[in-house]
Amino acid sequence: MGIALAGLVLAGRLLRLHARPPAAARPERGTRAGPQHRLQRPRNHGQHRWQPPRYRCDYGTPASARQPASARPDDDRQAAGRSVDLRAVEAERTEQEQQRRQKLERLRSQGTEPYLSRFDRTHSSAEALALFVEVEKEKGAEARTEPVALAGRLVASRVMGKATFAHIQDFAGRIQLHVKVDKLGEPKYQQFVDLDLGDIIGVRGSLFRTRRGEVTCEVEDFVLLAKALRPLPEKYHGLKDVEVRHRQRYLDLIANPEVRDVFVTRARIVEETRAFLRARGFIEVETPVLQPIAGGAAARPSITHHNALDIDLYMRIALELYLKRLIVGGFERVFEIGRIFRNEGIDRWHSPEYTMLELYQAYTDWEGMLELTEALVAHLVQRIKGSTSFSYQGESIDARRPFARLEMVDAASQASGRDLLKAEVPELRRLLAERQIEARPGLGWGGLVNELFEELVQDRLVQPTFVTGHPVEVSPLARRRSDDPRLTDRFELFIAGTEIANAFSEINDPLDQRARFEDQARARASGAEETHPMDEDFLTALEHGFPPTGGMGLGIDRLTALLTDQPTLRDVIAFPHMRARHAEP
RNA sequence: GGGGGUGUAGCUCAGUGGUAGAGCACCUGCCUUUUAAGCAGGGUGUCGAGAGUUCGAUCCUCUCCGCCCCUACCA
């Protein structure tokens, strides 16, 4: 062990890495006791040592089925069967996994710790390539740089006897390594050859350009930082299986570098949005995710339970009602970018949890929101795409201002060949029926007009288009139009046939708001499935005085899908929800 | 929810009523500027799960499960 340790320390000095000695040499840190000590409260506070959380998560377990863990009848059986299970697990491992585990054991028995704690690299792959190009300018084609330290995942290896070419991959890209036995010496060279694809290593060496022209690190020393126990997906075709790409996104990210770009762009979109809003005087806030009433939209919520309060809570379906409470409290420009949850269907444009931007600005109205939304979207397109237009799934999208505008009722009237402002409910139902569209029960004039719009117009709105003047019936939180009480001061922004943003002049008449909630309750009673719930606490806030306010919501995931040219929302959500896989039916 | 497609080696995919193949990966050997390295040898698999038909099923039938697409609901 002593010799092995010395070798490791030597390697550590060479590479300036901070390798921890093997576990056996540092008993004080080799167990879980270390981290737990840090969680302990000071001794003079009595017996308050760290303990596991008292309440286990029994979410979803019927009360009748709950019992102490020790009382569960199958616990003993599981404990007794453990060794058998482990053998079964071992037998189920693939040959490659077994080989890698054996290799791991061999390394440990030789005194090499295959999982180190730190490696100080000097350059990323991209920085190293740039460095070489700079040096090459001065010294010409035969240039060699000073040694650099690089780290990454081994993704390709071409062993050619006494020399090996390999590639490591880091966040910035890939870089080639050249490993020669006469640089490393026989034992160390053999260790390199024994590495597996997927292992994470650190290397040190100078940079040069090969005959074929690739900038390459001539490895003088290397260290294994983390052994991979499972093989990588195929190097040429990448990982194609959509199910695996989603369930094991990390493999997708390793094997398909363009996937990383999507999530980097997603982060940039959020950052640009924040910067844009901050520059306009908006303050970012956070409001409850768990809510006693799931309001701000008409959607089915997910439900959860809080043990200490012993109340059921809903996962929020919108940010709206709490942000408005902040406006009541005197905030004049607020926004939140947060996850919301809707317990509904999943398809290419719908996800059970998604990220919404909502913002509220006092003393402005829907037209102020329209200006802001148009400016924000045009700004994001410019910043992300570097242009005023972009391509989405083969369709060219022109995001130059001003975006098109369309009155919802006008558009639906034109598409249906009838002036819907003058049409009555039976005629609207007939228009829908003629087109084999089944109108949901309980819909009135506004709901049916909205239905006609969605069926006949929405899909055709490929270019950015503001649709204005939604019916009151489908807008329980939007201010009524002064010149037509059936409509509201509202707009939605459509791009590529999908709704991206939704905004309106907020209701600041608490009595009107109460009446709207009551309308919603009536709609529910006559069969509408999703209606806005009554929220007395919110009404109380409005009754204290709510300034004229414009509000807007924007779907970050959908916008990201557009700006990254991804066909579905799943492609811009790192870990999309999927059904659990069952071994047995 | 309804319709269609799909599931075969670690990955990408062929294929057949007589228990299975290719490329990459992997294992053995050779190879010191290669790059989808190459050459020689090796198949490592509950053919998604269960039942049925059959002498025999990965293939045919039924049921179930996952995933994808369309459709319905929601944004």
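Numbered from 1 within each chain, the chains take letters A, B, ... in sequence-line order.
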Discussion item. Which nucleotide wins on minimum distance to the side chain of A:Gln99, given the candidates B:C26, B:G66, B:U32?
Written reply: B:C26
Item to complete: Would you mind reading off the distance between A:Asp194 atom CG and B:U28 atom C1', rounded to a whole angstrom?
Response: 13 Å
Item to complete: Using heavy atoms and a sub-4.0 Å distance, could you list which residues of residues 556-573 of chain A are near RNA chain B? By number, please.
Response: A:Arg558, A:Thr568, A:Arg570
Discussion item. Heavy atoms only, 4.0 Å cut-off, all strands: where does A:Glu492 land among base, sugar-phosphate and nothing?
Written reply: nothing
Discussion item. With a 3.5 Å cut-off and heavy atoms only, can you find an N or O donor on one side and an acceptor on the other between the side chain of A:Thr94 and the base of B:U44?
Written reply: no
Item to complete: Write down the distance separating the P atoms in B:G23 and B:A57, rounded off to the nearest Å.
Response: 30 Å
Discussion item. Taking the minimum atom-to-atom distance to the side chain of A:Glu214, which one of B:C67, B:U34, B:A36 wins?
Written reply: B:U34
Practice prompt. For A:Met356, report the nucleic acid contact type (base, sugar-phosphate, nothing); a contact means any heavy atom under 4.0 Å.
Written response: nothing
Worksheet item: Under 4.0 angstrom, heavy atoms only, what part of the nucleic acid is A:Val159 near: base, sugar-phosphate, or nothing?
Response: base
Fill in: Spacing of the P atoms in B:G4 and B:C74 (rounded, Å)
25 Å
Worksheet item: Is any side-chain N or O of A:Asp347 under 3.5 Å from a base N or O of B:C74, one able to act as donor and the other as acceptor?
Response: yes
Worksheet item: Is there a Watson-Crick or G-U wobble partner for B:C73 with both distances under 3.5 Å, and if so, which one is it?
Response: none
Worksheet item: Under 4.0 Å: is that the gap between some side-chain N or O of A:Arg158 and OP1 or OP2 of B:G38?
Response: no
Practice prompt. Would you indicate which nucleotide in B:U44, B:C67, B:C26 comes nearest to any side-chain atom of A:Glu95?
Written response: B:U44
Item to complete: Take atom CZ of A:Arg348 and atom P of B:U71, then tell me their distance rounded to the nearest Å.
Response: 10 Å
Practice prompt. Evaluate the ring planes of A:His178 and A:Phe208, with Trp represented by its six-membered ring, and classify them as parallel (under 30°), tilted (30 to 60°) or perpendicular (over 60°).
Written response: tilted
Worksheet entry | Closest nucleotide among B:C68, B:G23, B:C27 to the A:Lys103 side chain | B:C27
Practice prompt. Between B:U19 and B:U58, how far apart are the C1' atoms? Round to whole Å, please.
Written response: 8 Å
Worksheet item: Mind telling me whether B:U16 is syn or anti, cutoff 90° either side of 0?
Response: anti
Worksheet, complete the sentence: Taken to the nearest whole Å, NE2/A:His237 to P/B:A36 is 14 Å
Discussion item. On RNA chain B, compare the nucleotides closest to A:Asp182 and A:Gly238; which residue's is nearer the 5' end?
Written reply: A:Gly238
Item to complete: Tell me whether the OP1 or OP2 atom of B:U35 has a side-chain N or O from A:Arg212 closer than 4.0 Å.
Response: yes
Worksheet item: So, is A:Arg579 near the phosphate of B:G66, with a side-chain N or O under 4.0 Å from OP1 or OP2?
Response: yes
Worksheet item: With sugar-phosphate meaning primed atoms plus P, OP1 and OP2, does A:Glu97 contact a base, only sugar-phosphate, or nothing at under 4.0 Å between heavy atoms?
Response: nothing
Worksheet item: Can a salt bridge be assigned to the pair A:Arg342 and A:Glu530 using a cut-off of 4.0 Å between side-chain N and carboxylate O?
Response: no
Discussion item. Regarding A:Lys180, tell me which of base, sugar-phosphate or nothing describes its non-hydrogen contacts under 4.0 Å with the strands shown.
Written reply: base
Discussion item. With a 4.0 Å cut-off on N to O distance, would you call A:Lys227 and A:Asp196 a salt bridge?
Written reply: yes
Discussion item. Tell me whether the side-chain N or O atoms of A:Gln96 pair up with the base of B:A25 as donor and acceptor below 3.5 Å, since no angle test is needed here.
Written reply: yes
Item to complete: Scan A:Ser351 against the nucleic acid and name what it touches under 4.0 Å (heavy atoms): base, sugar-phosphate only, or nothing.
Response: base
Worksheet item: When rounded to the nearest 0.5 angstrom, what is the spacing between OG1 in A:Thr355 and CZ in A:Arg339?
Response: 4.5 Å
Item to complete: Determine the interatomic distance between C1' on B:C59 and the same-named atom on B:A14; round to the nearest Å.
Response: 14 Å
Fill in: Presence of salt bridge, A:Lys188 and A:Asp221, under 4.0 angstrom
yes
Practice prompt. Check every strand shown and say whether A:Asn502 touches a base, only sugar-phosphate, or nothing at a heavy-atom separation below 4.0 Å.
Written response: nothing
Worksheet entry | A:Glu434 and A:Arg430 ion-paired at < 4.0 Å | yes
Worksheet item: Under the criterion ring-ring contact (aromatic ring centres under 6.0 Å, His included), which of A:Trp366, A:Phe403, A:Phe494 is the partner of A:Phe466?
Response: A:Phe403
Item to complete: Measure from the side chain of A:Pro231, starting at C-beta and using heavy atoms only, and say which of B:G10, B:C67, B:C74 lies closest.
Response: B:G10
Worksheet item: Taking the nucleotide of RNA chain B with the closest heavy atom to each, which residue, A:Val181 or A:Leu195, is nearer the 5' end?
Response: A:Leu195
Discussion item. How long is the straight-line distance from CZ of A:Phe491 back to OG1 of A:Thr373, given to the nearest 0.5 Å?
Written reply: 3.5 Å
Discussion item. Measure CD/A:Glu243 against C1'/B:C11 and give the value in whole Å, please.
Written reply: 15 Å
Practice prompt. Answer yes or no for A:Arg249 and A:Phe575: cation-pi contact, defined as NZ/CZ to six-membered ring centre under 6.0 Å and angle to ring axis within 45°.
Written response: no
Practice prompt. Round to the nearest Å and state the distance from A:Arg209 atom CZ to B:U35 atom P.
Written response: 17 Å
Practice prompt. Answer yes or no: is there an ion pair linking A:Glu506 with A:Lys324, defined by an N-O contact shorter than 4.0 Å?
Written response: yes
Worksheet item: Can you tell which of B:U34, B:C31, B:C13 lies closest to the side chain of A:Arg211?
Response: B:U34
